[in-house]
Amino acid sequence: MLFLLGIFIGIPAVSGLMGLVKFIVEKLSGFHVTFFRYMTFSWTKSGGYSSIGFSPMCELRMNREEKEDFYAVVTFVLEMIIDIIICIIYNVLMIMLWKNETTDRRITAFFLGIGLWFAIYIASYFVFLVKAIRKRSSPLNKKTAEITTQLKNGCTFDEIDVPDHRSFGEKPSDMIVYLVYEFMKKLWDDDISGTEEVIFSMEKAVKADYINKPTEYLFAMSLVYYNLLYYYSAVKLNKPRADYFYGMLSEQLHGDKDANAMRVITAYFLYVKKDAGAAKSYAYRAEEALHNFPYRGERLFEDKLIKTMITEIHQAEAAV
């Protein structure tokens, strides 16, 4: 029983330890934290510290301005070497304690459970690595990288081609970033009918459950959930679903100072809550935050959606 408890406790313990190793190695390599989430604590570069729903997994994303791809590979190898060494040392010590008859084996069993999870967690990393290497040269990944490069180079969505995601034949869970780009492209082109299939795939990617309505989610999936909330608020009004996603995301949204978060809140208060006053306040905050986006294409995209809502807010005020 204590062995199983050790495995359960090992989930947050091992994840936290590996997150710490990642932070130290990448910080020494010139990386900077963009977001961090662990337990009920979160930090983002734009929003600072906030409290968020519980998560046993440590999520840490760090970026580097120059030679990011090269250093990402180097740091990943170093992190894995350090993690494997720690795992081996830990498990050898626990096995030695287990063999020592003077040690209470119930306690040792607990720590062996943590060690087993440590080994499983590292093994899973190698499985994901093999899959990532195989898919690195896939048409989907090449197109996603191309779009990212175009945005970095100052292109707008008028100049960027985003083919239908179904043409790549990949599982929705393997094309999260691409789906976000495609949704942006559809909204930019005012292709409202085309957004429906993209949203359907996003729901499949995050396994959206509108019956049990779970509130836990990976921080890395935030943009997908932001899009789902915006869609069910501003594109295809569905109050129960909008309320569900807002309830799930409210703490993070209100702690996020970026324009996209403020734009999503604006849509929710304008179209779902019918509160033009609150929507107006968030819309202007969204406009003020536009400079936080480093890419021109993203700034213009957000500006278009925000200005549309501001116009509708003014119309609603004039009608009163």
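None of the values given here were measured: they were computed from a predicted structure. Just so it is clear, the values below take in all heavy atoms, side chains as well, and ignore hydrogens, waters and symmetry mates.
M221 and I176 get closest at one heavy-atom pair: SD-CD1, 3.8 Å. Nearest heavy-atom pair, A205 versus L179, reported as atom, atom and distance to 0.1 Å: CB-CD1, 4.5 Å. When all heavy atoms are compared, the tightest approach of P163 to S167 is CB-OG, 4.3 Å. For the residue pair T266 and A279, the shortest heavy atom distance occurs at CG2-O, 3.4 Å. For the residue pair R296 and G154, the shortest heavy atom distance occurs at NH1-O, 2.9 Å. Across all non-hydrogen atoms, the minimal contact from H254 to K257 is O-NZ, 3.4 Å.
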For residues 224-231, please give each side-chain donor-acceptor pair under 3.5 Å, one per line with the distance, not counting sequence neighbours.
| unit_1 | atom_1 | unit_2 | atom_2 | d |
| --- | --- | --- | --- | --- |
| Y226 | OH | Q252 | NE2 | 3.3 |
| Y226 | OH | D256 | OD2 | 3.0 |
| N227 | ND2 | L223 | O | 3.2 |

Would you give me the side-chain donor-acceptor pairs under 3.5 Å for residues 109-123, sequence neighbours excluded?
none

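Using a 4.5 Å heavy-atom cutoff, the side chains of Y210 and E203 are in contact. T195 has its side chain out of reach of E182: every pair of non-hydrogen atoms, C-beta onward, lies at least 4.5 Å apart. The side-chain heavy atoms of K236 and I192, taken from C-beta on, include no pair separated by under 4.5 Å. With contacts defined as side-chain heavy-atom distances shorter than 4.5 Å, the pair V264/N260 does not qualify. For the pair K171/M175, no side-chain contact is recorded, criterion being any heavy-atom separation below 4.5 Å from C-beta on. Two residues are said to be in side-chain contact when any heavy atoms from C-beta on lie closer than 4.5 Å; I11 and M57 meet this criterion. Side-chain contact between D161 and I147: absent, with no pair of heavy atoms (C-beta onward) separated by less than 4.5 Å. Put simply, the side chain of I95 does not reach to within 4.5 Å of the side chain of T108, judged on heavy atoms.
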* Could you walk me through whether F301 and R263 pass the side-chain contact (heavy atoms from CB on, under 4.5 Å) test, one step at a time? => CA-CA 11 Å; F301 167 79; R263 182 252 303 168; 3.7 Å; yes
* Asked: Passes side chain to side chain donor-acceptor pair (under 3.5 Å), Y217 versus S222? Steps please.
  -> CA-CA 8 Å; Y217 62 95; S222 294; 5.1 Å; no
* Applying side-chain contact (heavy atoms from CB on, under 4.5 Å), run through I160 and T156 and close with a yes or a no. => CA-CA 7 Å; I160 298 174; T156 70; over 6 Å; no
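Salt bridge D243/K273: absent, no basic N to carboxylate O contact under 4.0 Å. Remark: E288 does not engage R285 in a salt bridge, criterion side-chain N to carboxylate O under 4.0 Å. By the 4.0 Å N-to-carboxylate-O rule, D303 lies too far from R299 to be salt-bridged with it.
Judged by distance alone, the side chain of D164 and the main-chain N or O of R166 form a donor-acceptor pair under 3.5 Å. Between the side chain of K307 and the main chain of E302, no donor-acceptor pair closer than 3.5 Å is present. The closest donor-acceptor contact from the side chain of K304 to the backbone of W188 lies under 3.5 Å. A donor-acceptor contact shorter than 3.5 Å links the side chain of D275 to the backbone of A278.
Identified under the ring-ring contact (aromatic ring centres under 6.0 Å, His included) test for residues 138-177, with sequence neighbours left out: F168-Y178. Residue pairs satisfying the side-chain hydrogen bond (donor to acceptor under 3.5 Å, both in side chains) criterion with at least one member in residues 12-31, sequence neighbours excluded, are listed as follows: K22-E26.
Here the straight-line distance linking atom CG of L270 with atom CD1 of I265 works out to 13.5 Å at 0.5 Å rounding. Atoms CD and CG, from E251 and L253 in turn, are 10.5 Å apart once rounded to the nearest 0.5 Å. Between atom OG1 of residue T144 and atom CD of residue E146 there is a gap of 9.5 Å, rounded to the nearest 0.5 Å.
Ring geometry for H314 against Y284 counts as tilted: the plane angle lies between 30° and 60°, on a 0 to 90° scale.
The hydrophobic cluster around I211 extends to none of the other residues, as no ILVMFWY side-chain heavy atom falls under 4.5 Å of it.
The ring pair (Phe, Tyr, Trp, His ring centres under 6.0 Å) search around Y268 returns Y246, not counting sequence neighbours.
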